[in-house]
2 protein chains.
Amino acid sequence: MSQSLKTILSLRELILSGELKPGERLSELAIVDRLGVSRTPVRTALLRLEEEGLLEAIPSGGYAVRHFSEADIFDAIETRGTLEGLAARLAAERGPSPGQIAEIRGCLRKLDILVQHEIATDTFSAYVELNERFHQLLVGMAGSRVVARQIERAVALPFASPSAFVEVQAVLPESRAILLVAQEQHRSVVEAIERREGARAEALMREHSRVAHRNLVMALEHQNAHDLVPGMALIRQA
Amino acid sequence: MSQSLKTILSLRELILSGELKPGERLSELAIVDRLGVSRTPVRTALLRLEEEGLLEAIPSGGYAVRHFSEADIFDAIETRGTLEGLAARLAAERGPSPGQIAEIRGCLRKLDILVQHEIATDTFSAYVELNERFHQLLVGMAGSRVVARQIERAVALPFASPSAFVEVQAVLPESRAILLVAQEQHRSVVEAIERREGARAEALMREHSRVAHRNLVMALEHQNAHDLVPGMALIRQA
DNA sequence: GCACGACTCTATGTATACAATTGAGCCAAC
DNA sequence: GTTGGCTCAATTGTATACATAGAGTCGTGC
C-alpha cells in the first residue's frame with residue numbers, strides 16, 4: 001500500500017472516530033509526527049479529504065476538520081435521493097440490459113430472504129453489503145459515467161451513504177417495519193424500471209432515501225444509537 | 001498568485017483549447033519543462049484537475065486527458081438541471097429571505113432589459129455574466145452548503161455550466177427566441193419560489209437546463225458553432 | 001523464428017531542504 | 001489605555017534529490 005493511501009485511511013479514521021474534532025486545524029507536521037510519513041503523502045491526503053468533504057480549506061492555508069449541522073445531513077441525504085432518483089429515471093427511460101436486470105433481481109431475492117427472518121446482529125453486515133450492492137447496481141443501470149461519478153461524490157460523506165443509518169435500526173423497535181418498507185421500495189423501483197416507468201422510478205428512489213431521514217431523527221433522539229452512526233462525531237448541535 | 005494556481009489555470013487552458021488532446025498522457029516532467037514550475041505544484045494541479053473531471057487517473061500512475069461523448073455532455077447537463085431543480089424546490093419550500101428575493105428580482109430586471117433589445121456581440125458577455133449570477137443566486141436561495149457544493153462540482157465541467165452554450169446562440173437564427181424562452185423560465189421560477197410552489201419551481205429549472213440540450217444539438221450540427229463551445233476539443237465523436 | 005527473461009531507462013512516489021507568508025505577541029507612542 | 005507597527009516564530013508553499021516500480025527493448029535459448 002502506498003504511503004498516500006495509508007495516510008488517507010488513517011486520517012479518515014481519526015476524523016470519523018472523533019479523535020480529531022470538528023473545527024480543529026490540521027498541521028501537516030503534526031500528522032507527519034503522528035503517522036510517520038513525510039509531508040508529501042500528507043499533503044496528497046489532505047487534498048483528497050477536502051475533496052471528499054471531510055476537511056475544509058482555510059483561506060490563509062491549511063485545513064480544518066469540517067463540522068456539520070443536522071440540516072447539513074438532511075440536505076446530504078436529500079441530494080443523494082435526488083441523484084439516485086435521476087439514475088432510476090434514466091435507467092427506466094433507457095432500458096437496462098437483460099444481464100443488469102437479472103443481476104439486480106438476484107440481489108433483490110437475496111435481500112428478500114434476509115428480510116423474511118428476524119435480522120440478528122451477525123446478519124446485519126450481510127444486509128448492509130447487499131443494500132450497498134443494490135444501490136450500486138441501480139446506479140450502473142443508468143448507464144452514465146457522469147451521473148455515477150456525481151453520485152459517488154454525494155455518498156462520500158459518511159452519513160449520506162445508503163447504509164449510513166441502517167445500523168441504527170438494530171437498536172430501534174421499529175427496525176423490522178422499516179426494513180420491510182425499504183425492501184418494498186427496492187422491489188417497486190426495479191419493477192418501475194423494467195416497465196419503463198421513469199417518473200415512478202424516480203419518485204420511489206427519492207422516497208426511499210427519506211427512510212434515512214427518519215432514521216436520522218430517531219438516532220438523534222435515542223442516545224444509545226449515537227455511536228452507531230458513522231461520522232456522528234462531526235455533527236455539531238445548533 | 002501561487003505557482004499551484006498558475007499551473008492549474010495554464011493546464012486547464014491547454015486542455016480546453018485542445019492543445020493537450022483527449023487520451024493524451026500528461027507527464028509531470030513535461031509540464032515542468034513547459035510551464036517552468038517545479039513538480040510539487042504540478043502534482044497539486046493534476047490532483048485538482050482530476051477532481052474537476054478534466055483528467056482521469058491511470059491505474060499504473062499518472063493522468064490522462066479525459067474524453068467525453070455527446071451522451072456524456074447530455075448527462076452532465078441533465079445532472080445540473082436535476083440539482084438546480086432540487087435547489088429551486090428547496091428554495092420554494094424553505095422560503096428565501098426578502099433580501100434574497102430582492103436581489104434575484106433585480107437580476108431578473110437587468111436580464112429583461114438586455115433581452116428586450118437585439119443582443120449584439122458586445123452585450124453578450126454582459127448577458128453571460130448576469131445569467132451566471134442568476135443561477136448562483138438561485139442556488140444560494142436553497143440555503144444549503146451541501147447542495148451548493150454539489151452543484152459547484154456539477155458545473156465544473158465546462159460544457160455543463162449554465163452559460164456553456166449561450167455563445168452558440170450568437171450564430172444561430174433561433175437565438176432571440178431561445179433567449180426569450182429562457183428568460184420566461186427565469187421569471188417563472190422566481191415566481192414559483194415566491195409562491196412556495198416547490199414542484200413547479202423544480203420542474204421549471206429542469207426544463208430550463210434542457211435549453212442547453214437543444215443548443216448542444218444545434219452546435220454539433222453547425223460546424224461554425226463548434227469553436228464557441230468551451231471544451232469542445234474534449235468531445236470524441238462516437 | 002518465436003518466446004521468455006533480464007536489464008535499462010523513464011516515469012511516478014517519497015522524503016526533505018529551503019522560501020515565503022501569515023499570525024501572534026510585544027513594545028512603544030499617542 | 002488603546003492602537004499601531006514591528007519582529008519573530010511557526011506553518012504552508014516550493015524546489016529538488018532520491019527510491020522504486022513499470023514498461024519497453026535487446027539478447028539469448030529453445
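Lettering follows sequence order; numbering is per chain, from 1. Fair warning: this is a prediction, and the values are worked out from it, not measured in the lab.
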For A/Gln150 and B/Thr79, test the side chains for any donor-to-acceptor distance below 3.5 angstrom and give the result as yes or no. no
Within the structure provided, determine whether B/Arg80 and B/Pro162 are in side-chain contact (heavy-atom separation under 4.5 Å). yes
In short, B/Leu11 meets B/Ala45 closest at the heavy-atom pair CD1-CB, 4.2 Å
What class does the angle between the rings of B/His135 and B/His186 fall in, given that below 30° is parallel, 30 to 60° is tilted and above 60° is perpendicular? perpendicular
Pair B/Phe165 + B/Phe159: ring centers closer than 6.0 Å: no
List the protein contact pattern of nucleotides 5-20 of chain C with one symbol per nucleotide (5' to 3'): B for base contact, S for sugar-phosphate-only contact, - for none; contact means a heavy-atom distance under 4.0 Å. -------BBBBBB---
